[in-house]
Amino acid sequence: MVLAPYASDPAKTRGRRHAEAPAPTRSAFQRDRDRIVHSTAFRRLVYKTQVFLNHEGDLFRTRLTHSLEVAQLGRSIARSLALNEDLVEAIALAHDLGHTPFGHAGQDALNDCMSGPGREWGGFEHNLQSLRVVDHLEERYPAWDGLNLSFETREGILKHCSLVNARKIEAVNPGGVAHRFLNHSQPSLEAQLCNLADEIAYNAHDIDDGVRSGLLTLEQLHEVELFESHRAEVLREYPALAGRRVLYETIRRMLSAQVYDVISATREAIRLAGPRSADEARQLSPLVLFNPAMREQSAALKRFLLANLYRHAQVMHTTGQAKQVVRELFHAYLAQPTQMPAKFADRATRGLDDPAVLARAVADYIAGMTDRFAAREHERLTGRRLLA
């Protein structure tokens, strides 16, 4: 495939943290993707929560299936825009590697443990943790820690970053992956695309999982224009259709409409801005985007899901239990670091004189857990079972 001039060219990569000879049969971004797929952190995603905890059903999305859906959507859009599909796929597959067990509930609980009065330990950001995973925590190669991914993949993984953490990264690596948070530039167009594909994917599959769980009904979804307009279209074309086929076909058409809208809106934004290179595109306003009408419809869907699914009493109850598991694990390991495996316990005990070092070792260990392992560890350490 011929890349657009504003696409990320693997032959012009800004390189890796540790110099390596190019692979003879793969581009830099293909090599990144392969390293991500073979990583331990990637395999763990199969047992990490998206919305519903692992034990709540076999067919709900996990962080792994979500990441695969983001990669599929991202590649489809990238192909139409002549962007680099391999880079999009690498970013999509890696973007949640640092997510905690129990989804955002686990992330919020771990952030609370790592910050607050008397706990100035750097907080916890799952995007920053994903970067820590690929830069430091994976142990697969003899010459360095981490996966030694290319700058462009790492830049895309760091979707969000607080100014405090951006300044810390910049101090160690001037002009590196955190620099854009300080000079207000943009990541590559491929990274911008992954951000939007992530949103499109989770909005659609959270509808599917919400209905499957019984917490959402098709009747409730009538108020969501993005969903209802396509449901009505499906029933006009197939008046006898019923049950889950209506849901599946509606979501399929809803996804297609958003994909085509992104392609159309982005092509026009690129035409008007006229970037002549990937670096020039970074200096412009975001170029991968929805048209205004679709942007509002997507925002309305997000508001609906927040009010009716993410804040549903049943989800909130489970969320509360998950947060308690993470908090109690954190304090148990903080008090007894030797309860962790040796590599984390050694880091923790070396930091006994520095609470921030000790706490970060504990946070790294907990963040790497799957749902079911975290639940088992909590029961082992406390003698109580909070989650089935």
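Glu170 and His179 form a side-chain donor-acceptor contact under 3.5 Å, judged by distance and modelled atom types alone. For the residue pair Asp96 / Ser67, no side-chain donor-acceptor distance below 3.5 Å is found, with atom types taken as modelled. A donor-acceptor pair shorter than 3.5 Å cannot be found between the side chains of Asp279 and Ser277. Using a 3.5 Å distance cut-off with no hydrogens or angles, the side chains of Glu190 and Ser8 do pair a donor with an acceptor. Side-chain atoms of Ser229 and Glu233 include no donor-acceptor pair closer than 3.5 Å.
Here the closest non-hydrogen pair linking Phe102 and Val325 is CE1-CG1, 3.8 Å.
For Tyr333, the ring pair (Phe, Tyr, Trp, His ring centres under 6.0 Å) partners at least two apart in sequence or on another chain are Tyr365. For His378, the ring pair (Phe, Tyr, Trp, His ring centres under 6.0 Å) criterion is met by no residue, not counting sequence neighbours.
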Please output the side-chain donor-acceptor pairs of residues 283-294 that fall under 3.5 Å, not counting sequence neighbours, one pair per line with the distance.
from	atom 1	to	atom 2	distance (Å)
Asn291	ND2	Asp261	OD1	3.1

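Taking a cutoff of 4.0 Å between a charged side-chain nitrogen and a carboxylate oxygen, Glu152 and Lys12 do not qualify as a salt bridge.
The same ILVMFWY cluster, assembled from side-chain heavy atoms under 4.5 Å apart, contains both Ile263 and Met254.
Residue His126 forms a side-chain hydrogen bond (donor to acceptor under 3.5 Å, both in side chains) with just one option from His104, His95, Gln107, and that option is Gln107.
Annotation: cation-pi geometry satisfied between Arg35 and Tyr141 (NZ/CZ under 6.0 angstrom from ring centroid, within 45° of ring axis).
Contact of the Glu155 side chain with the Arg180 side chain is registered, since non-hydrogen atoms from C-beta on lie closer than 4.5 Å.
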